[in-house]
Amino acid sequence: MTEIIVDYFDLEQICESGQCFRMKRKSEHQYEVIAGDRYLQISQKGNQICFDCTPEEYEGFWKRYFDLETDYGNFIQRIDPGDSYLMEAARFGSGIRILKQDLWEMIVSFLISQQNNIRRIRRCIEAICEKYGEKKRNKAGDIYYAFPKPEAFAGLGEDDLKKCNLGYRSKYVVRTARMTADAEVDLQKIERSSYPEAKEELMRFYGVGSKVADCICLFALGQMEAFPVDTHINQALQKHYPGGFPMEAYPGFQGILQQYIFYYELMGGK
DNA sequence: CCTCAGGACAACC
DNA sequence: GGTTGTCCTGAG
(Lines give C-alpha, C1' and ligand atoms only; values in the text may rest on other atoms or scores of the structure.)
Protein backbone atom coordinates (compact mmCIF):
# COMPACT_ATOMS: atom_id res chain seq x y z
CA MET A 1 0.00 0.00 0.00
CA THR A 2 1.41 3.38 -1.03
CA GLU A 3 -0.24 6.66 -0.12
CA ILE A 4 0.52 10.06 -1.61
CA ILE A 5 -0.92 13.58 -1.57
CA VAL A 6 -1.43 15.44 -4.88
CA ASP A 7 -3.22 18.51 -6.16
CA TYR A 8 -5.10 18.45 -9.46
CA PHE A 9 -5.87 14.75 -9.49
CA ASP A 10 -9.31 13.17 -9.79
CA LEU A 11 -9.79 9.48 -10.52
CA GLU A 12 -13.36 9.93 -11.72
CA GLN A 13 -12.32 12.60 -14.22
CA ILE A 14 -9.41 10.50 -15.45
CA CYS A 15 -11.69 7.47 -15.80
CA GLU A 16 -14.40 9.38 -17.70
CA SER A 17 -12.11 11.46 -19.90
CA GLY A 18 -11.98 8.79 -22.60
CA GLN A 19 -8.22 8.18 -22.73
CA CYS A 20 -8.09 4.87 -20.84
CA PHE A 21 -10.61 2.22 -21.79
CA ARG A 22 -9.57 -0.31 -19.15
CA MET A 23 -10.07 1.86 -16.06
CA LYS A 24 -13.25 1.06 -14.20
CA ARG A 25 -15.06 2.34 -11.12
CA LYS A 26 -15.57 -0.45 -8.58
CA SER A 27 -17.25 1.52 -5.78
CA GLU A 28 -17.63 5.05 -4.45
CA HIS A 29 -13.90 5.84 -4.13
CA GLN A 30 -12.40 2.68 -5.56
CA TYR A 31 -11.14 2.14 -9.13
CA GLU A 32 -9.25 -0.57 -10.97
CA VAL A 33 -6.81 -0.08 -13.81
CA ILE A 34 -5.43 -2.70 -16.17
CA ALA A 35 -2.39 -1.40 -18.03
CA GLY A 36 -0.69 -3.84 -20.37
CA ASP A 37 -0.39 -6.91 -18.15
CA ARG A 38 -0.52 -5.03 -14.83
CA TYR A 39 -3.46 -4.69 -12.47
CA LEU A 40 -3.95 -1.94 -9.91
CA GLN A 41 -6.58 -1.04 -7.33
CA ILE A 42 -6.52 2.65 -6.53
CA SER A 43 -8.68 4.88 -4.37
CA GLN A 44 -9.00 8.56 -3.61
CA LYS A 45 -10.31 10.61 -0.71
CA GLY A 46 -9.80 14.31 -1.25
CA ASN A 47 -6.17 14.94 -2.12
CA GLN A 48 -5.08 11.61 -0.73
CA ILE A 49 -4.46 8.87 -3.26
CA CYS A 50 -4.02 5.29 -2.15
CA PHE A 51 -2.24 2.82 -4.47
CA ASP A 52 -2.70 -0.86 -3.61
CA CYS A 53 0.88 -1.75 -4.54
CA THR A 54 4.36 -1.74 -3.06
CA PRO A 55 6.47 1.44 -3.00
CA GLU A 56 8.71 -0.25 -5.58
CA GLU A 57 5.80 -0.80 -7.97
CA TYR A 58 4.68 2.77 -7.42
CA GLU A 59 8.11 4.25 -8.05
CA GLY A 60 8.90 1.84 -10.86
CA PHE A 61 5.69 2.13 -12.85
CA TRP A 62 2.54 3.82 -11.56
CA LYS A 63 4.13 7.17 -10.70
CA ARG A 64 5.08 7.63 -14.34
CA TYR A 65 1.83 6.08 -15.61
CA PHE A 66 -0.26 8.73 -13.82
CA ASP A 67 2.23 11.47 -14.80
CA LEU A 68 2.70 12.46 -11.18
CA GLU A 69 5.91 14.41 -11.78
CA THR A 70 4.14 17.01 -13.93
CA ASP A 71 2.65 20.19 -12.46
CA TYR A 72 -0.76 20.53 -14.09
CA GLY A 73 -1.56 23.62 -12.02
CA ASN A 74 1.13 25.44 -13.98
CA PHE A 75 -0.67 24.65 -17.27
CA ILE A 76 -3.98 25.90 -15.91
CA GLN A 77 -2.41 29.12 -14.67
CA ARG A 78 -1.05 29.85 -18.13
CA ILE A 79 -4.50 29.87 -19.75
CA ASP A 80 -5.58 33.27 -21.15
CA PRO A 81 -7.85 34.72 -18.40
CA GLY A 82 -9.88 36.43 -21.14
CA ASP A 83 -10.80 33.03 -22.61
CA SER A 84 -13.73 32.32 -20.30
CA TYR A 85 -14.71 29.12 -22.12
CA LEU A 86 -11.27 27.55 -21.76
CA MET A 87 -10.98 28.78 -18.16
CA GLU A 88 -14.26 27.08 -17.29
CA ALA A 89 -13.39 23.87 -19.16
CA ALA A 90 -10.03 23.65 -17.36
CA ARG A 91 -11.62 24.34 -13.99
CA PHE A 92 -14.23 21.66 -14.66
CA GLY A 93 -11.62 19.04 -15.60
CA SER A 94 -8.75 20.23 -13.41
CA GLY A 95 -8.26 16.74 -11.97
CA ILE A 96 -7.53 15.18 -15.36
CA ARG A 97 -4.06 13.85 -16.05
CA ILE A 98 -2.65 12.62 -19.34
CA LEU A 99 -1.75 9.00 -18.68
CA LYS A 100 1.43 7.50 -20.12
CA GLN A 101 -0.02 4.28 -21.45
CA ASP A 102 1.49 1.41 -23.41
CA LEU A 103 2.19 2.31 -27.04
CA TRP A 104 0.92 -0.90 -28.64
CA GLU A 105 -2.20 -0.87 -26.46
CA MET A 106 -3.00 2.72 -27.51
CA ILE A 107 -2.45 1.94 -31.21
CA VAL A 108 -5.04 -0.84 -31.09
CA SER A 109 -7.41 1.03 -28.77
CA PHE A 110 -7.61 4.09 -30.99
CA LEU A 111 -7.86 2.01 -34.17
CA ILE A 112 -10.99 0.58 -32.56
CA SER A 113 -12.17 4.01 -31.39
CA GLN A 114 -12.86 5.41 -34.84
CA GLN A 115 -16.51 6.08 -35.69
CA ASN A 116 -17.37 4.34 -32.42
CA ASN A 117 -18.70 5.38 -29.01
CA ILE A 118 -16.81 5.00 -25.76
CA ARG A 119 -19.09 2.39 -24.26
CA ARG A 120 -18.75 0.13 -27.29
CA ILE A 121 -14.98 0.76 -27.49
CA ARG A 122 -14.65 -0.58 -23.95
CA ARG A 123 -16.66 -3.68 -24.83
CA CYS A 124 -14.61 -4.36 -27.96
CA ILE A 125 -11.35 -4.06 -26.02
CA GLU A 126 -12.53 -6.34 -23.22
CA ALA A 127 -13.59 -8.86 -25.87
CA ILE A 128 -10.19 -9.01 -27.57
CA CYS A 129 -8.42 -9.17 -24.19
CA GLU A 130 -10.57 -12.07 -23.00
CA LYS A 131 -10.08 -13.95 -26.25
CA TYR A 132 -6.42 -13.19 -27.03
CA GLY A 133 -4.87 -11.80 -23.84
CA GLU A 134 -3.01 -13.73 -21.16
CA LYS A 135 -5.24 -14.84 -18.29
CA LYS A 136 -3.94 -13.55 -14.97
CA ARG A 137 -4.98 -13.14 -11.35
CA ASN A 138 -4.70 -10.06 -9.16
CA LYS A 139 -3.71 -10.08 -5.49
CA ALA A 140 -7.29 -10.80 -4.45
CA GLY A 141 -7.26 -13.89 -6.67
CA ASP A 142 -9.68 -12.47 -9.24
CA ILE A 143 -9.15 -13.22 -12.92
CA TYR A 144 -8.23 -10.45 -15.35
CA TYR A 145 -6.84 -10.45 -18.89
CA ALA A 146 -3.68 -8.71 -20.03
CA PHE A 147 -3.72 -6.72 -23.26
CA PRO A 148 -2.78 -9.04 -26.17
CA LYS A 149 0.63 -8.62 -27.77
CA PRO A 150 0.99 -8.01 -31.54
CA GLU A 151 1.87 -11.68 -32.12
CA ALA A 152 -1.54 -12.70 -30.76
CA PHE A 153 -3.25 -10.98 -33.73
CA ALA A 154 -0.59 -11.32 -36.41
CA GLY A 155 -1.63 -14.80 -37.49
CA LEU A 156 -5.35 -14.07 -37.76
CA GLY A 157 -7.44 -13.57 -40.87
CA GLU A 158 -8.38 -9.97 -41.55
CA ASP A 159 -12.01 -10.48 -40.57
CA ASP A 160 -11.42 -12.69 -37.52
CA LEU A 161 -11.81 -9.83 -35.05
CA LYS A 162 -15.33 -9.17 -36.30
CA LYS A 163 -16.25 -11.89 -33.80
CA CYS A 164 -15.19 -9.38 -31.14
CA ASN A 165 -17.54 -6.79 -32.69
CA LEU A 166 -14.76 -4.69 -34.24
CA GLY A 167 -16.66 -4.53 -37.54
CA TYR A 168 -14.68 -3.02 -40.42
CA ARG A 169 -11.90 -2.10 -37.97
CA SER A 170 -10.88 -5.78 -37.73
CA LYS A 171 -8.53 -5.60 -40.71
CA TYR A 172 -6.95 -2.41 -39.36
CA VAL A 173 -5.90 -4.21 -36.18
CA VAL A 174 -4.78 -7.42 -37.91
CA ARG A 175 -2.70 -5.66 -40.56
CA THR A 176 -1.15 -3.32 -37.98
CA ALA A 177 -0.31 -6.30 -35.76
CA ARG A 178 1.45 -8.00 -38.70
CA MET A 179 3.48 -4.90 -39.50
CA THR A 180 4.51 -4.66 -35.85
CA ALA A 181 5.27 -8.36 -35.39
CA ASP A 182 7.31 -8.31 -38.62
CA ALA A 183 9.16 -5.22 -37.32
CA GLU A 184 8.18 -3.19 -40.41
CA VAL A 185 7.62 -0.37 -37.95
CA ASP A 186 9.84 -0.04 -34.88
CA LEU A 187 7.74 0.86 -31.82
CA GLN A 188 10.79 1.44 -29.62
CA LYS A 189 12.12 3.95 -32.11
CA ILE A 190 8.78 5.76 -32.11
CA GLU A 191 8.99 6.09 -28.33
CA ARG A 192 12.25 8.00 -28.70
CA SER A 193 11.08 10.16 -31.62
CA SER A 194 9.90 13.75 -31.69
CA TYR A 195 6.18 14.46 -32.11
CA PRO A 196 6.24 15.07 -35.90
CA GLU A 197 8.44 12.02 -36.52
CA ALA A 198 6.34 9.78 -34.28
CA LYS A 199 3.10 10.91 -35.91
CA GLU A 200 4.41 10.34 -39.43
CA GLU A 201 5.66 6.88 -38.52
CA LEU A 202 2.38 5.92 -36.82
CA MET A 203 0.41 6.97 -39.91
CA ARG A 204 2.18 4.24 -41.91
CA PHE A 205 -0.15 1.77 -40.18
CA TYR A 206 -3.27 0.87 -42.14
CA GLY A 207 -6.19 2.55 -40.37
CA VAL A 208 -4.14 5.18 -38.53
CA GLY A 209 -4.92 8.68 -39.81
CA SER A 210 -4.09 12.08 -38.41
CA LYS A 211 -6.60 12.01 -35.54
CA VAL A 212 -5.81 8.51 -34.32
CA ALA A 213 -2.07 9.21 -34.56
CA ASP A 214 -2.53 12.30 -32.39
CA CYS A 215 -4.42 10.29 -29.77
CA ILE A 216 -1.58 7.76 -29.67
CA CYS A 217 1.06 10.52 -29.41
CA LEU A 218 -0.84 12.14 -26.54
CA PHE A 219 -1.95 9.13 -24.51
CA ALA A 220 1.04 6.82 -24.98
CA LEU A 221 4.01 9.05 -25.72
CA GLY A 222 3.14 12.04 -23.54
CA GLN A 223 3.50 14.34 -26.55
CA MET A 224 1.51 17.25 -25.08
CA GLU A 225 1.67 19.21 -28.33
CA ALA A 226 -0.58 16.65 -30.02
CA PHE A 227 -4.11 18.07 -30.39
CA PRO A 228 -6.53 15.39 -31.64
CA VAL A 229 -9.55 16.87 -33.43
CA ASP A 230 -12.61 14.62 -33.45
CA THR A 231 -16.24 15.46 -34.17
CA HIS A 232 -16.82 16.78 -30.62
CA ILE A 233 -13.72 18.94 -30.57
CA ASN A 234 -14.47 20.15 -34.08
CA GLN A 235 -17.95 21.28 -33.09
CA ALA A 236 -16.65 22.98 -29.93
CA LEU A 237 -13.89 24.77 -31.84
CA GLN A 238 -16.29 26.06 -34.49
CA LYS A 239 -18.61 27.34 -31.79
CA HIS A 240 -16.07 28.95 -29.44
CA TYR A 241 -13.10 29.62 -31.74
CA PRO A 242 -14.47 30.64 -35.17
CA GLY A 243 -11.03 32.05 -36.02
CA GLY A 244 -9.26 28.83 -34.97
CA PHE A 245 -7.89 27.66 -31.63
CA PRO A 246 -4.90 29.77 -30.47
CA MET A 247 -2.33 26.94 -30.59
CA GLU A 248 0.59 29.39 -30.59
CA ALA A 249 -0.42 30.72 -27.15
CA TYR A 250 0.07 27.29 -25.57
CA PRO A 251 3.23 25.79 -27.08
CA GLY A 252 3.94 22.28 -25.85
CA PHE A 253 0.78 21.78 -23.83
CA GLN A 254 -2.11 22.12 -26.31
CA GLY A 255 -2.90 18.46 -25.73
CA ILE A 256 -3.95 18.87 -22.11
CA LEU A 257 -6.18 21.78 -23.13
CA GLN A 258 -7.77 19.60 -25.81
CA GLN A 259 -8.50 17.07 -23.08
CA TYR A 260 -10.13 19.70 -20.83
CA ILE A 261 -12.36 20.75 -23.75
CA PHE A 262 -13.21 17.15 -24.67
CA TYR A 263 -14.15 16.25 -21.11
CA TYR A 264 -16.11 19.47 -20.64
CA GLU A 265 -18.12 18.88 -23.82
CA LEU A 266 -18.71 15.23 -22.86
CA MET A 267 -19.57 15.67 -19.18
CA GLY A 268 -20.13 19.39 -18.61
CA GLY A 269 -23.87 19.18 -19.08
CA LYS A 270 -24.35 16.53 -16.41
C1' DC B 1 -37.16 3.87 -40.10
C1' DC B 2 -33.27 7.18 -39.02
C1' DT B 3 -28.81 9.31 -37.07
C1' DC B 4 -24.63 9.23 -34.62
C1' DA B 5 -20.43 7.62 -32.17
C1' DG B 6 -13.12 10.47 -30.19
C1' DG B 7 -12.32 8.25 -38.82
C1' DA B 8 -9.74 6.29 -42.62
C1' DC B 9 -9.37 5.11 -47.23
C1' DA B 10 -9.96 4.97 -52.11
C1' DA B 11 -11.61 7.17 -55.90
C1' DC B 12 -12.64 10.76 -57.87
C1' DC B 13 -12.28 16.07 -59.46
C1' DG C 1 -5.11 20.24 -53.03
C1' DG C 2 -10.53 19.29 -51.40
C1' DT C 3 -14.89 16.36 -51.61
C1' DT C 4 -17.70 12.00 -51.45
C1' DG C 5 -19.24 7.16 -50.71
C1' DT C 6 -18.27 3.30 -48.03
C1' DC C 7 -17.25 0.63 -44.15
C1' DC C 8 -19.55 -2.78 -38.84
C1' DT C 9 -22.35 -2.13 -34.85
C1' DG C 10 -25.69 -0.80 -31.38
C1' DA C 11 -27.83 2.83 -28.62
C1' DG C 12 -31.26 6.38 -28.78
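Numbers restart at 1 for each chain; the letters A, B, ... are given by sequence-line order, proteins then strands. Owing to the predicted nature of the structure, the values given are computational and were not obtained by experimental measurement.
- A/Gln259 comes within contact range of at least one nucleobase, with a heavy-atom separation under 4.0 Å.
- A salt bridge does not link A/Glu32 with A/Arg22: none of the charged nitrogens is closer than 4.0 Å to a carboxylate oxygen.
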Letter per nucleotide, 5' to 3', of nucleotides 6-12 of chain C [B base touched, S only sugar-phosphate touched, - untouched; heavy atoms, 4.0 Å]
-BBBSS-

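- Ion pair A/Arg204/A/Glu201 flagged as a salt bridge, since at least one NZ, NE, NH1 or NH2 atom sits closer than 4.0 Å to an Asp/Glu carboxylate oxygen.
- A/Ser170 comes within 4.0 angstrom of no nucleic acid atom, judged by non-hydrogen atoms across all strands.
- Looking only at atom types and distance, the side chain of A/Tyr144 has no donor-acceptor partner in the side chain of A/Asp37 under 3.5 Å away.
- If you check every strand for non-hydrogen atoms under 4.0 Å, A/Val229 touches nothing.
- Within the nucleic acid shown, A/Ser17 comes within 4.0 Å of at least one base atom, counting heavy atoms only.
- Within the 4.5 Å cutoff, the side chain of A/Leu40 has no heavy atoms near those of the A/Phe61 side chain.
- When heavy atoms are screened at a 4.0 angstrom cut-off, A/Gly18 is found touching base atoms of the nucleic acid.
- Residue A/Phe262 is classed as a base contact, given a heavy-atom separation below 4.0 Å to a base.
- Across all strands shown, A/Phe205 has heavy atoms under 4.0 Å from sugar-phosphate atoms exclusively, and none from any base.
- A/Ile118 comes within 4.0 angstrom of a base, heavy atoms only.
- On the nucleic acid side, DNA chain B contacts chain A at distances under 4.0 Å to non-hydrogen atoms, with the end points of that region at B/dA5 to B/dC9.
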